[in-house]
Amino acid sequence: MGITKMPPAYDPQKVEGKWYRWWEEHKYFHAEVEPDKEPFCIVMPPPNVTGELHMGHALDNTLQDVLTRWRRMSGYNALWLPGTDHAGIATQAKVEAQLAREGLSKYDLGREAFLKRVWTWKETYGNRITSQLRRLGASCDWDRERFTMDEGCSEAVREVFIRLYEQGLIYRDDYIVNWCPHCATTISDIEVEHLDVQAQLYFIKYPTPDGRDFVTVATTRPETMLGDTAVAVHPKDKRYRHLVGKEVVLPLMNRVIPVIADDYVDPVFGTGAVKITPAHDPNDFEIGRRHKLPEIRVIGTNGVMTTEAGPYAGMDRWECRQKVLADLGEQGLLARIEDLQHAVGHCYRCNTVVEPMISKQWFVRMKPLAEPAIRAVKEGRTRFVPERFTKVYLNWLENIRDWCISRQLWWGHRIPVWYCRECGKASASKDDLAACPNCGADKVVQDPDVLDTWFSSGLWPFSTLGWPKETPELKHFYPTSVLVTGRDIIFFWVARMIFSGLKFMGEVPFREVFIHGLVLDALGRKMSKSLGNGVDPLEVIEKYGADSLRFMLVTGNTPGNDLRFHFEKLEGARNFANKLWNASRFVIMNLEGYDPRFQPQRLDLSDRWIVSRFQQVAGAVDAFLRDYELGEAAGVLYEFIWDEFCDWYIELVKPRLYRGTPEERATAQHVLVNVLKGTLELLHPFMPFITEEIWQNLPHEGETIMLAPWPKARVEQVDRGAEEDMRLIISVIRAIRSLRAEMNVPPARRAEIILVVPEDGKRETMGHWRSYISDLASGDVEITRDLAAEPSQAAQAVVGGITIYVPLEGLIDIPQEIARLERELANVQKEVVRLEGKLDNEGFVAKAPADVVEKERQKLEDYRIKQETVAQRLAILKKSPAM
RNA sequence: GGGCGAUUAGCUCAGAGGGAGAGCACUUGCCUUACAAGCAAGGGGUCAGUGGUUCGAUCCCACUAUCGCCCACCA
């Protein structure tokens with residue numbers, strides 16, 4: 001190692017790839033079960049195999065990596081288990097698009113060949129995201145990487161399905177579901193995104209059979225009227241009481257339908273009369289079932305009107321809407337049209353307007369599963385961080401509806417149910433069936449649908465650890481320690497993992513859920529493909545390095561809050577890395593003659609100070625990490641490295657390195673190396689690459705910083721006295737620098753510095769460490785108890801009971817100095833008045849804690865001394881001949 | 001309609017019941033043998049508003065305003 005290998009500007013490109021490969025080759029990420037060690041386990045939220053790393057992933061995985069690396073260094077048996085999700089719709093859509101470019105559809109290939117094709121696609125492109133995670137520095141155990149459709153996970157899915165089925169918790173029924181005409185599949189309630197849309201509310205007249213009366217209904221979806229089987233009004237609505245039990249004629253279809261009364265109807269909305277289309281509206285469906293109304297499907301799965309729509313059959317649903325309106329208008333039945341803003345369900349994948357329709361689907365009965373999941377969180381067996389997300393979770397589960405789990409796709413876990421063509425019985429089976437278990441006929445056919453992707457991801461925390469087999473991993477690492485994820489996924493995933501874990505493992509899947517916010521663009525908008533405002537993490541990594549990206553994502557943010565992406569902030573992180581690099585370069589450049597066995601006999605004040613500060617920082621970082629305050633932990637390190645280690649300690653140590661005795665030099669080297677090394681270790685979870693690079697170039701024990709023991713705060717090295725003394729010295733130096741700057745003293749010019757220190761202890765300290773002041777404030781320091789005569793040509797400052805004079809013959813503009821001191825005096829007086837007021841307040845003195853009162857008294861005392869000193873000085877200056 | 005979050009320096013954001021902070025931007029002076037991706041010194045804020053609790057509130061409580069997010073079966 002040497003300067004030649006450490007250029008003055010840190011270049012992450014030369015460093016990052018090298019170390020990652022080395023770590024992975026040496027299996028430092030790999031965790032074997034070590035029963036005598038405390039386990040720490042995170043299962044990675046599996047990104048979609050189709051996915052590419054975006055800022056959300058970068059944040060999520062940085063947080064996980066920080067926690068994992070920290071725990072690993074802290075001696076835990078740390079496992080971070082990675083994997084990918086098969087992402088039913090998304091992946092199938094990708095492959096279908098690929099086929100389309102070849103002029104083919106999945107039907108041309110047939111199910112089997114199509115699935116083969118998807119697997120090929122997965123083998124080819126599926127590891128893109130995992131290689132991108134490697135670029136980020138993710139220290140996950142790739143030897144244990146899983147896929148939601150691999151053999152083990154698939155077995156877990158079947159096992160779960162069968163068990164739930166046998167317990168009657170999975171059922172198949174005709175029910176109103178959300179249908180995406182574009183994806184041609186059902187989607188679950190949470191996959192429907194409600195967007196506010198400016199629309200029209202159409203008022204349509206439904207005449208009575210005798211043509212003498214009519215009732216007007218309001219609807220935003222006039223085409224659904226073709227499937228109407230009733231009109232509903234509120235039971236107490238006097239306007240319509242006479243019609244309840246009677247009939248009206250459904251226009252266009254000329255069908256006679258009943259007028260019914262139901263509490264659901266809001267008498268003040270629209271006309272107070274609602275058309276009821278049980279087959280195409282969730283509410284109408286409920287009402288329909290209550291009143292045993294016929295369910296007529298007029299819209300087909302492709303969004304085209306069915307034969308039930310009579311003359312409108314074959315029309316697209318939007319086209320049909322226009323035609324219906326036109327026809328109604330012609331017949332004078334369209335009473336009026338109003339503008340209405342309301343929420344319309346859209347498919348979260350393709351943004352198509354979702355069509356509610358009745359369909360035979362598979363459902364999970366949620367109430368019995370939700371209940372234990374609610375209890376577990378209420379009892380604190382799983383804790384949300386930040387706590388406020390508990391409520392979001394509970395609200396959802398407390399109002400849960402059954403979960404539609406069947407999807408009309410090919411890519412996914414096929415529903416393990418076979419129907420017998422002979423006897424008609426449906427049989428669920430863990431193993432593929434060739435014959436009907438009921439009648440023995442060999443004419444069985446498997447349900448064509450697959451399961452919702454989230455069905456398998458809900459099992460992730462235990463399926464990846466080997467379940468349903470009782471593996472040592474499962475036993476050791478379950479329940480996992482913490483789940484790290486975005487808040488957008490609490491319903492989709494977190495809740496489902498919790499109820500699945502409770503159901504099948506009898507225990508929550510994780511002790512804590514650490515929820516983070518979204519990464520927004522610089523303007524505070526969500527990053528999205530359609531807006532084109534996303535920032536590509538890989539480009540950032542190439543330009544600034546993964547460490548900078550990670551540091552930027554972690555700092556200046558508080559748990560659960562969103563984070564805006566600013567390049568300025570990224571530059572700040574990059575500059576910090578460079579600062580650390582150069583501080584380390586300084587240390588390494590000055591290691592000549594370093595002997596690791598050397599034990600210093602006498603530490604300088606600055607040594608004791610920086611060591612003490614380091615111990616405090618080590619304690620703070622660890623405490624913040626325990627509280628998931630990663631931003632604070634990183635912030636503490638930033639300040640320590642930049643403000644204390646670089647700006648003060650390195651500057652203070654230079655004279656000893658350059659001109660000190662061999663012993664002084666060795667002592668300085670010893671402290672530099674050890675504090676720097678410890679700091680690198682504390683920083684390693686945040687910035688793994690640069691810390692490894694530097695650590696390897698410092699004298700060290702062990703193979704890698706990754707496995708270096710986490711620095712434990714050693715309280716016996718905390719030295720309050722040294723910290724206090726340094727604080728005083730630093731403020732004296734700052735005061736002198738400030739005077740020099742204000743008086744425009746050229747930096748190169750050495751100044752004369754007189755310190756008047758009345759207090760014995762402080763005078764001794766100042767005397768002992770006067771070289772600090774003379775070196776860092778560039779001046780010749782004289783220390784006295786009191787001054788025979790104040791120099792008139794001098795600038796003055798008062799700090800911590802010490803009066804500083806910087807005689808500046810010819811540089812002092814007396815009137816200007818008077819003005820400056822008067823400003824100073826005014827400030828001091830303000831403080832004195834404020835503190836006097838406070839201490840005169842009997843309530844304060846009586847009720848405030850004694851130490852607070854004492855602190856305030858001390859402050860007042862200091863300010864009074866300062867007030868007096870400055871006032872005296874002013875008096876002298878005002879009498880001086882220069883005036 | 002409910003719930004949650006935010007409101008602090010020009011910008012982006014931390015923060016704690018007891019003297020308002022950081023980064024960036026800005027001003028001034030420095031290429032000082034680790035770093036100009038830097039050093040030193042500065043300027044800049046009624047901590048959204050109103051009321052309450054308290055000896056003391058920017059922090060805790062209530063309400064209000066503005067912005068954002070989530071949930072919700074009023075067509």
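What's counted below: heavy atoms across the whole structure, side chains too, no hydrogens, waters or symmetry copies. Quick caveat: nothing in here was measured; it's all calculated off a predicted structure.
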With respect to the phosphate group of rC4(B), does any side-chain polar atom (N or O) of Lys391(A) fall under 4.0 Å of OP1 or OP2? yes
Side chain of Asp647(A) only, please: which of rC35(B), rA14(B), rA40(B) is the nearest? rA40(B)
Check the surroundings of atom CD in Gln13(A): do more than 12 heavy atoms from other residues, nucleotides or ligands lie under 6.0 Å from it? yes
With a 4.0 Å cut-off on heavy atoms, is Arg740(A) in touch with a base, just the backbone sugar-phosphate, or nothing at all? nothing
Mind checking Lys654(A) for me? I need base, sugar-phosphate or nothing, with any heavy atom below 4.0 Å counting as a touch. base
Using Watson-Crick or G-U wobble geometry with both distances below 3.5 Å, tell me the partner of rC30(B), or none. rG38(B)
What contact category does Glu286(A) fall into here, base, sugar-phosphate, or nothing, at under 4.0 angstrom with non-hydrogen atoms? nothing
Please determine whether the number of non-hydrogen atoms from other residues, nucleotides or ligands lying under 6.0 Å from atom CD of Gln341(A) exceeds 12. yes
Shortest non-hydrogen contact from Val832(A) toward Leu860(A): O-CD1, 3.8 Å
Need to verify one output field. Residue with the more 5' nearest nucleotide on RNA chain B, Pro267(A) or Arg487(A)? Arg487(A)
Less than 4.0 angstrom from a charged side-chain N to a carboxylate O is my criterion; do Arg564(A) and Asp521(A) meet it? no
Please report the distance, rounded to the nearest Å, between CG in Asp643(A) and C1' in rG21(B). 12 Å
Is Glu651(A) side chain donor-acceptor paired with the rA34(B) base, going by distance under 3.5 Å alone? yes
How would you label the contact of Gly572(A) with the nucleic acid (heavy atoms, under 4.0 Å): base, sugar-phosphate, or nothing? nothing
Hey, is Glu831(A) close enough to Lys859(A) for a salt bridge, meaning N to O under 4.0 Å? no
Using atom P in both nucleotides, what's the gap between rC60(B) and rC4(B) to the nearest angstrom? 15 Å
Using a 4.0 Å heavy-atom cut-off across all strands, classify Asn395(A) as base, sugar-phosphate, or nothing. nothing
Provide the distance between the two C1' atoms, one in rC59(B) and one in rA20(B), to the nearest whole Å. 12 Å
Using a heavy-atom cut-off of 4.0 Å across all strands, would you classify Tyr10(A) as base, sugar-phosphate, or nothing? base
Answer with base, sugar-phosphate or nothing: what part of the nucleic acid does Arg834(A) contact at a heavy-atom distance below 4.0 Å? sugar-phosphate
Lys275(A) NZ to rC74(B) C1', in whole Å, measures 14 Å
When you measure from the side-chain N and O atoms of Trp642(A) to the phosphate of rA34(B), is any distance below 4.0 Å, counting only OP1 and OP2? no
Taking only the P atom of each, what is the distance from rA16(B) to rG56(B) in whole angstrom? 23 Å
Have a look at Lys569(A) and say if it touches a base, only the backbone sugar-phosphate, or nothing, with a 4.0 Å heavy-atom cut-off. nothing
Arg564(A) atom CZ is separated from rG68(B) atom P, nearest whole Å, by 11 Å
Does Tyr658(A) reach a base, just sugar-phosphate, or nothing at all? Heavy atoms under 4.0 Å. sugar-phosphate
Could you check whether Asn399(A) gets within reach of a base, just the sugar-phosphate, or nothing at all, counting any heavy atom under 4.0 Å? nothing
What is the nucleic acid contact for Lys526(A), judged by heavy atoms within less than 4.0 Å: base, sugar-phosphate only, or nothing? sugar-phosphate
Salt bridge flag under 4.0 Å for residues Glu817(A) and Arg820(A): yes
Under 4.0 Å, counting only non-hydrogen atoms across every strand here, what does Ile650(A) touch: a base, just sugar-phosphate, or nothing? base
Return the minimal non-hydrogen interatomic distance between Gly486(A) and Ile515(A), and the atom names on each side. C-CG2, 4.2 Å
Quick one: does Arg574(A) reach the base of rA37(B) with a side-chain donor-acceptor pair under 3.5 Å? yes
Rounded off to whole Å, could you give me the NE2-to-P distance for the His194(A) and rC73(B) pair? 6 Å
Give Asn561(A) one of three labels, base, sugar-phosphate or nothing, depending on what nucleic acid heavy atoms sit under 4.0 Å from its own. sugar-phosphate
Expressed in angstrom and rounded to an integer, what is the separation of Leu520(A) atom CG from rA6(B) atom C1'? 12 Å
Under 4.0 angstrom, heavy atoms only, what part of the nucleic acid is Val265(A) near: base, sugar-phosphate, or nothing? base
Starting at atom NZ of Lys847(A), determine the distance to atom C1' of rA57(B), rounded to an integer number of angstrom. 16 Å
Which whole-number value in Å describes the distance from Asp562(A) CG to rC4(B) C1'? 12 Å
Both Ala583(A) and Arg388(A) contact RNA chain B. Which one's nearest nucleotide lies toward the 5' end? Arg388(A)
Between Tyr348(A) and Phe492(A), does the ring centre distance come in under 6.0 Å? yes
Taking 4.0 Å as the cut-off, does a side-chain nitrogen or oxygen of Thr558(A) come that near to OP1 or OP2 on rG15(B)? yes
Which nucleotide in the set rG38(B), rG19(B), rC55(B) lies at the smallest distance from any side-chain heavy atom of Glu856(A)? rG19(B)
